[in-house]
Amino acid sequence: MSASEAIIATGEATGILPTGASRTPITVIGTQAIRETFDDLCIQQAINSRNAPGVTQVVLNPDAHCGYGAPIGCVMVSPSHIYPGPVGVDIKCSMSLLQLDIPAEEIEDRRVRRALIDAICERTPTGAGRGARHVAKGRVVDERLGVEALVSGASLSVCQQMGIPPEWAERCEDSAHLAHDHTADSLAMRLEELRFRNAFPNFCQKIHQLGSYGGGNHFGECEVVELRDREPDTLQAANAFGLRDGHVAFLSHCGSRGIGHQLAMGQFRELQCKFAEWGIPLPGGDRELVYAPLGSPEADAYIDDMSLGANFATVNHLMINALVLEAFQEVLPGCTGSLVYFISHNIARKEIVDHRPAWVHRKGATRAFPAGHHALADTPFAETGHPILLPGNPQAGSSVMVATQGAEKSCYSVNHGAGRRLGRKRAIRELDQKAVDQSFDAADILTNCRQYPRDEAPATYKDFEEVLRSVEKADLAREVARLRAKFVIKDGSAADD
DNA sequence: ATGTCC
C-alpha cells in the first residue's frame, strides 16, 4: 500500500491514517480536494512522526507539505520527548498584525502607498545576508541589549530600550520564553556557554538583524480590514482584537533570522552525532527526526536554545512593528497604531493535552485556543479566543480567524497559511515573470520588488479558499476578517538576477 | 528558513 492510499476519509473535512492498532490515528484536516495535495513524502513524514518514540498525537493540516523530518503544516504531541525537527529550522517563525487608525481611502492614491513602501524599506531590511543590509533609518542594537533580548524576550526593560510600546507585550502569544528550568538565568548561562564554544560566529552581526524581515516567504503587507459579517460573534471578536473595518492594517511574517537558524542547525547536528555514536534507531530511519527525552541534558539544551531563538523572533517582530508604525507616522503624520496580536507557527509549547502536560510541537501550525480556554484566563481574549493570523496570498487575501470549541480535535491548532503547492524550482521554471508582475498591477497591489519573486507568486500556493473551507468544515475556527493587500514588502533580490 | 558556496 502506498502512503497516500493509507488516507482514510471519515468525513468531508477530516480523515485518518492507520498507524498501528494500539495508537491514536493521525488526524487529517482537509476537504478531499485538499487531501489530494498531500504527496507521498509528506504522508510518510506524518507517519514517521506519529510512530516516533513518545508521540501521542499527530495532526496534519490542510496546508501540509514536505518539511524537515516532519511535514510543514503539522502538530506533534509528546508528554515525554522533545523533537527539534518538528519545530523546524526557523524557530518561532510568526505572524503579527498592526492595526492603524487610517481609513482605507487615505492610501488609495498610489503615490501615498509608494511613499509608505519607501519609508518602511528605509527602516526594515529584507533579504538574507551578512548582518542587516544597511538601511538609512533602521535601529542598531548593541551587543549588551541584544543579549538582554535573547535572554528575556520582550520584557519591559527591552521594550523601553528598543522603543517598543510595552503594552504590545500583552498582545503576544508568548512575550518571553524561559529556560528548561523556568528561569531566565539559565538562558543567560546557556548563551554564555554557546558563545564561549564559538557556536555564534558573527554574533553581533546576527544581533544587528533585529528589525529585519529576511527572505523566502517572509514579508510585510499593508492591508485593508474587511470584517467577514456583522453578526454579534464576529463584532465581539473584532472588538476584542482591536480590528477596525475598512481601515488600514499591516501584517508581518518573519522569524528568528540567522540566530534561530544557527541554534536549530547546531541542535540537529549535535543530536544526530549522538544518535550515530550511541547507535539509537532513527524514527522512520530519518535523521531529521532525532529527539531527546525530557529531563535529559540534551532536552534541556534544546529547550534553552529554542527559547533563545524564540526570544529573538519575538523582539524582532515587535521592533519591526514599531519601525513600521514610525514609517506610517512619517508619511501620514499623527496616525496611531496598536498591535492586534503576535502568534507563532514554528514552536514547541508545554500545554495540557487530554488532562496532562505535553509538549505540543507546531511546525507550520498555529495555536487555536477558543473562548473560555484556561490558558487565556488572564488575557484580553478570555471571552472570545485569541486572534489567529493566517497569511493566504496577496491576491486571495489573508485571514484573521478565531477558534471554535471544535478545535480540541486538532490539539487546539489550525494551519499556518495556504501551504506551498509548487516547489520553488518548478515555479521559477514554469511561471512567466511578466505575467506575475502584471497580475499584481491588475489587482492594484504595489510592491517594493522590481520583479516579484516567481517562487513566491500566488500561483505557487494552494487555493486559500479551499484551505479556509477545510478549517471551517472541520469546525476548528471561523473567519473574523479578511485582509486585502494594498502593497507588499518582500525580498525581491532573487528575481532581479 | 539560511552570512541560500568560506
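Chain letters run A, B, ... following the sequence lines, proteins first and then strands; every chain starts at 1.
With rounding to whole Å, A:R257 atom CZ is found 10 Å from B:dG3 atom C1'. What separates CG of A:L263 from C1' of B:dT2 is a distance of 13 Å, to the nearest Å. For the pair A:M265 CE and B:dT2 P, the computed distance is 12 Å after rounding to whole Å. We find that CG of A:N346 is positioned 11 Å from P of B:dT2, with the value rounded to whole Å. A:N198 has its CG atom 15 Å from the C1' atom of B:dG3, to the nearest Å. For the pair A:I259 CD1 and B:dG3 P, the interatomic distance rounds to 10 Å; values are reported in whole Å. Atom pair A:D491:CG and B:dT2:C1' shows a separation of 12 Å (rounding to whole Å applied). We find that NE2 of A:H218 is positioned 16 Å from P of B:dT4, with the value rounded to whole Å.
Note on ring orientation: taking the six-membered ring where Trp is involved, the planes of A:Y83 and A:Y291 are tilted (angle from 30° to 60°). Using cut-offs of 30° and 60° on the angle between ring planes, the pair A:Y412 and A:F369 is perpendicular.
Annotation: cation-pi pair A:R420/A:Y461 present, NZ/CZ under 6.0 Å from the ring centroid and within 45° of its normal.
Inspection of the A:H345 and A:H253 side chains reveals an N or O donor paired with an N or O acceptor under 3.5 Å.
Between A:Q209 and B:dG3 there is a side-chain polar atom (N or O) within less than 4.0 angstrom of OP1 or OP2.
Using a 4.0 Å heavy-atom distance criterion, A:G88 is classed as making no nucleic acid contact. Within the 4.0 angstrom heavy-atom criterion, no nucleotide atom of any strand lies near A:G255.
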